[in-house]
Amino acid sequence: MNDEPTPQTNEAASDTFGLAEVRELLHLLEESDVNEILIERNGTKLHIKRGLIAAPAVSSYLPQMLPAAQHYHVPQPEPVVGPTPAAVTTPSLAPMTHAELGEYEHGHALKAPMVGTFYSTPSPKDPPYVQEGDEIYAGDTVCIIEAMKIMNEIESDVDGRIKRILVKDGQPIEYGQALMIIEPL
Amino acid sequence: MITPTDLLRDLPTRIVPRRVLSYGRVGSTMDIARQELQTATAESLPLLVLAEEQTTGRGRMGRQWVAPPESALMFSLAMRPRWLAPADAGVLVWLMGVALCEALQGMYGLEPRLKWPNDVLLDEHKLAGILPEASSSQHHIEWAIIGCGINISASPPPDGLRYPAIHLTEQTGGEVDRRALLRALLVRLDDWYTRLESDTATTRANLFDAWRGLLVTIGQRVQVETTSGMLAGLAEDVEPSGALRLRSDNGDLHTISSGDVFG
């Protein structure tokens, strides 16, 4: 994933908010407790929002910052096989990149209605329920979330096209975590 | 063969089951239940699908589940518990596990236990497996099927098994009346299910207590295989969600909602 976020605005980019200006704003955001900035200038808006909840499909993960009690529901870059796993991590609390932010703002985020493990297929030998680019309708099954051995098929709540799948097969996920971005047809 | 008429005759239950389909040989009771759910009216649910033999019986993650004809009790219970939130789907696992343990206690005086979260054990061997499937929207469960296979007069050979198995006649010392056991189980399922439907919060708490009390896993040193790797440590307790609380050997506490436990 790009470490240098590409700025996205609610409207078409213009000279009003040049790259340097956006970088500076991002820098300020990262160093402050501010979660969201909305600037409107000459009819052009710049909207920057920090990703507060489990960030989707980010490629870097910060070490667990919380003490002791850890939810074992988090993605790791590579599966760990062995007597004990590597340090359990949680999704990064770092802000979403602007590319991700843009997708959130131009699509519907389908969220996990429960804690569990994400599966893209009915069983390991089956094809995935959906892939990026697929058209889906409300009520269509898009994935499975497993918890307590119950394979829970999750339905889409909207019609649209799968723009991005934000989680990986076998990835532990949290309640409310964005699973996919669905854009309207 | 257990026929619907035999099974339902004077069965003292209220709604479990409202309809029974009984087969000699089928692919999988789970598949039939799923198909029936597509057109089933509310008045015909919960639906019980029974089979004496399954040709494509399956366990979790597509694992094969086979048993000689009439050597097991194999069935699926299909329902639409829309009063349950997706996050509460695990309650249906507790429901079947607890009801089966109660039926075995009541009929044979046995002391079955549960291996977290859904395997029924007798004498530290697996007697029965529970395979739950569900479909959920963002706010509630649309439908659920709880599959169950109980080893009655045969159990799979140990080769290739992930956990040692046992069959019921090994413990009872005599022939087991499968129909009587199923009827006893349906009575316990009906009791819990009707209470769960009418007073979900209270019954959920009661069911959790009953399930937790049957868990042999609590207090054991275990290994847990998760999609992210193997964890080893002490199973300290379960969370109210049903997730397993494991203290790993390096002192970290893990909350595990999905995984296979090995003692």
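Residue numbers begin at 1 in each chain, while the letters A, B, ... track the order of the sequences. As the structure is a computational prediction, the values presented were derived from the model and not from experiment.
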Asker: What residues of residues 154-161 of chain A sit under 4.5 Å from chain B when you count only heavy atoms?
Answerer: A/Ile154, A/Glu155, A/Asp157
Asker: Top residue by heavy-atom pair count (under 4.5 Å) with chain A, among B/Ala144, B/Gly242, B/Ala85, B/Gly233?
Answerer: B/Gly242
Asker: Are the side chains of A/Leu110 and B/Gln138 in touch, meaning some heavy atoms are under 4.5 Å apart?
Answerer: yes
Asker: Are more than 12 heavy atoms from other residues, nucleotides or ligands located less than 6.0 Å from atom CD of B/Glu124?
Answerer: no
Asker: Under 4.5 Å from any heavy atom of chain A, what part of B/Glu142 do you find: side chain, backbone, both or neither?
Answerer: side chain
Asker: Can you list everything that forms a side-chain hydrogen bond (donor to acceptor under 3.5 Å, both in side chains) with B/Arg212? Sequence neighbours excluded, please.
Answerer: B/Asp237
Asker: Please find the pair of heavy atoms, one from A/Lys149 and one from B/Asp260, that lie closest to each other, and give the distance.
Answerer: NZ-OD1, 2.8 Å
Asker: For the atom pair CD1 (B/Ile130) and CE (A/Met148), what is the distance rounded to the nearest 0.5 Å?
Answerer: 10.5 Å
Asker: Keeping the roles fixed (side chain from B/Ser258, backbone from A/Glu146), state whether a donor-acceptor pair exists under 3.5 Å.
Answerer: yes
Asker: Between B/Pro86, B/Ala89, B/Ala87, B/Ser241, who has the most heavy-atom pairs with chain A when the cutoff is under 4.5 Å?
Answerer: B/Pro86
Asker: Output the distance between atom CZ (B/Arg34) and atom CD (A/Glu153), rounded to the nearest 0.5 Å.
Answerer: 4.0 Å
Asker: Closest heavy-atom contact between B/Ser257 and A/Gly116?
Answerer: OG-CA, 3.8 Å
Asker: With a sphere of 6.0 Å drawn around CD of A/Glu132, does it hold more than 12 non-hydrogen atoms of other residues, nucleotides or ligands?
Answerer: yes
Asker: Considering all heavy atoms of both residues, which atom of B/Gly90 and which atom of A/Ile150 are nearest to each other, and what is their separation?
Answerer: N-CG2, 4.3 Å
Asker: So which atom in B/Ser136 and which in A/Asn152 form the shortest heavy-atom distance, rounded to 0.1 Å?
Answerer: OG-OD1, 2.7 Å
